[in-house]
J.: 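Pasting a structure here, questions to come.
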Amino acid sequence: QVQLVESGGGSVQAGGSLRLSCATSGFTSRTYCMAWFRQAPGKERERLARYHYTGKIAYADSVKGRFTISRDNAKNALYLEMNSLKPEDTAMYYCAADPLPYCPTDYQYWGPGTQVTVSS
């Protein structure tokens, strides 16, 4: 079984920072792509950042320069460092993973999400 669970969400003021963690279990593929998504009420799900097992990283324009995705292979964990947070960053944040050797558009595994709320 593969399970993903996010943590680190919470409420912060604009300009603040949060570090999200995605703990995984049963996900041991040598090849993989992992990603962070978010979805606010009434809005489409947005892919924020992708981490390919080769170390290649890609960011959405909306978070480029503010968010940093990283991977700890020893802990089988994925992280998202979020800085200079804005109210428009308020959303449910999700971790996703797929054992494919490339980053897909549809990820196989998802966590339940963690809420991030940014106030003005």
Side-chain angles (χ1 to χ4, degrees):
Q1 295 186 15
V2 175
Q3 292 187 343
L4 281 64
V5 59
E6 304 91 342
S7 62
S11 298
V12 298
Q13 290 187 328
S17 300
L18 284 174
R19 188 172 190 257
L20 305 184
S21 298
C22 174
T24 69
S25 62
F27 189 74
T28 59
S29 178
R30 281 289 190 92
T31 65
Y32 61 84
C33 190
M34 300 185 71
W36 285 98
F37 290 78
R38 70 184 179 190
Q39 187 168 25
K43 296 183 179 179
E44 291 287 304
R45 186 175 63 196
E46 179 185 15
R47 187 179 65 237
L48 304 175
R50 299 178 296 182
Y51 187 97
H52 189 254
Y53 73 96
T54 60
K56 292 183 178 180
I57 294 171
Y59 295 98
D61 289 340
S62 60
V63 303
K64 191 175 298 181
R66 298 189 299 122
F67 291 12
T68 302
I69 189 172
S70 61
R71 164 78 170 171
D72 188 331
N73 288 319
K75 297 181 179 179
N76 290 319
L78 187 74
Y79 304 97
L80 185 68
E81 180 71 32
M82 305 185 295
N83 299 312
S84 301
L85 284 164
K86 307 173 182 179
E88 48 264 48
D89 293 320
T90 296
M92 186 72 75
Y93 283 68
Y94 300 92
C95 174
D98 200 289
L100 290 171
Y102 59 90
C103 293
T105 56
D106 54 327
Y107 287 76
Q108 184 173 0
Y109 304 109
W110 293 81
T114 185
Q115 178 67 39
V116 172
T117 302
V118 184
S119 60
S120 301

J.: Kindly say whether Gly9 contributes a backbone atom to a donor-acceptor pair with the side chain of Thr114 at under 3.5 angstrom?
T.: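 Yes.
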J.: Taking Ser21 for the side chain and Ser7 for the main chain, is one N or O donor matched with an acceptor at less than 3.5 Å?
T.: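 Absent.
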J.: Hey, any chance Tyr94 and Phe67 share a hydrophobic cluster, counting ILVMFWY side chains that come within less than 4.5 Å of each other, even indirectly?
T.: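 Hydrophobic grouping puts Tyr94 apart from Phe67.
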J.: As an exercise, state the distance from OG of Ser29 to CD of Gln108, rounded to the nearest 0.5 Å.
T.: 10.0 Å
J.: With no hydrogens and no angle check, is any side-chain donor or acceptor of Gln3 less than 3.5 Å from a backbone partner on Ser25?
T.: no
J.: Please answer: with hydrophobic residues joined when any side-chain heavy atoms are less than 4.5 Å apart, are Ile57 and Leu80 in the same cluster?
T.: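 Hydrophobic grouping puts Ile57 with Leu80.
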J.: Atom NZ of Lys86 and atom OG of Ser120: how far apart are they, to the nearest 0.5 Å?
T.: 12.5 Å
J.: Between atom SG of Cys22 and atom CD of Glu6, what is the distance when rounded to the nearest 0.5 Å?
T.: 5.5 Å
J.: When you measure from the side chain of Thr24 to the backbone N and O of Ala77, does any donor-acceptor pair fall under 3.5 Å?
T.: no
J.: Check whether Glu46 reaches the backbone of Arg38 with its side chain - one donor and one acceptor, N or O, closer than 3.5 Å.
T.: no
J.: Decide side-chain contact (heavy atoms from CB on, under 4.5 Å) for Gln115 and Tyr93; before the verdict, give the C-alpha distance in whole Å, the side-chain angles of both, and the deciding distance to 0.1 Å.
T.: CA-CA 6 Å; Gln115 178 67 39; Tyr93 283 68; over 6 Å; no
J.: Under the ring-ring contact (aromatic ring centres under 6.0 Å, His included) rule, what do Phe37 and Trp110 come out as? Steps first, then yes or no, please.
T.: CA-CA 10 Å; Phe37 290 78; Trp110 293 81; 4.8 Å; yes
J.: Assess, by modelled atom type and distance only, whether the side chains of Ser17 and Asn83 contain a donor and an acceptor separated by less than 3.5 Å.
T.: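 Indeed, the side chains of Ser17 and Asn83 share at least one donor-acceptor pair under 3.5 Å.
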J.: Would you say the side chain of Thr68 lies within less than 4.5 Å of the side chain of Met82, judging by non-hydrogen atoms?
T.: no
J.: Output yes when a side-chain donor or acceptor of Tyr59 lies under 3.5 Å from a complementary backbone atom of Ile69, and no otherwise.
T.: yes
J.: For Leu18 versus Gly8, what's the shortest heavy-atom pair and its separation?
T.: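 Scanning both residues, the minimum pair turns out to be CD2-O, 3.7 Å.
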J.: At their closest point, which heavy atom of Arg66 faces which heavy atom of Asp89, and how far apart are they?
T.: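 Smallest interatomic distance, heavy atoms only, reads NH1-OD2, 2.8 Å.
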J.: With a 4.5 Å cut-off on side-chain heavy atoms, are Ser119 and Pro87 touching?
T.: no
J.: With heavy-atom distances below 4.5 Å as the criterion, would you say the side chains of Leu20 and Val116 are in contact?
T.: yes
J.: For Pro99, is there any backbone N or O sitting under 3.5 Å from a side-chain donor or acceptor partner on Thr31?
T.: yes
J.: Decide whether Trp36 and Tyr53 are clustered together by the hydrophobic rule: side chain heavy atoms of Ile, Leu, Val, Met, Phe, Trp, Tyr closer than 4.5 Å, transitively.
T.: yes
J.: Show your working on side chain to side chain donor-acceptor pair (under 3.5 Å) between Ser70 and Glu81 and close with a plain yes or no.
T.: CA-CA 8 Å; Ser70 61; Glu81 180 71 32; over 6 Å; no
J.: Is Lys64 salt-bridged to Asp61, cutoff N-O under 4.0 Å?
T.: yes
J.: Only one of Phe27, Tyr107, Tyr109 forms a side chain to side chain contact (heavy atoms under 4.5 Å, CB included) with Asp98, so which one is it?
T.: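 Checked Phe27, Tyr107, Tyr109 against Asp98; only one passes side chain to side chain contact (heavy atoms under 4.5 Å, CB included): Tyr107.
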J.: Does Ala58 offer a backbone N or O that forms a donor-acceptor pair with the side chain of His52 under 3.5 Å?
T.: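 Such a contact is absent between His52 side chain and Ala58 backbone.
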J.: Looking at Arg50 and Ala35, would you say the former's side chain and the latter's main chain have a donor-acceptor pair under 3.5 Å?
T.: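 A pair under 3.5 Å: no.
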J.: Mind checking whether Met34 and Val2 sit in one hydrophobic cluster, side chains of I, L, V, M, F, W, Y counted as touching below 4.5 Å?
T.: yes
J.: Give the minimum heavy-atom separation between Gln39 and Lys43, together with the two atoms involved.
T.: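 So the two residues come closest at NE2-O, 3.1 Å.
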J.: Taking side chain to side chain donor-acceptor pair (under 3.5 Å) as the definition, give me every residue that meets it alongside Asn73, ordered by chain and number, with sequence neighbours left out.
T.: Tyr32, Arg71
J.: With Arg19 as the cation and Tyr79 as the aromatic partner, state whether NZ or CZ is under 6.0 Å from the six-membered ring centre and within 45° of the axis.
T.: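 The answer is yes, since Arg19 meets both limits relative to Tyr79.
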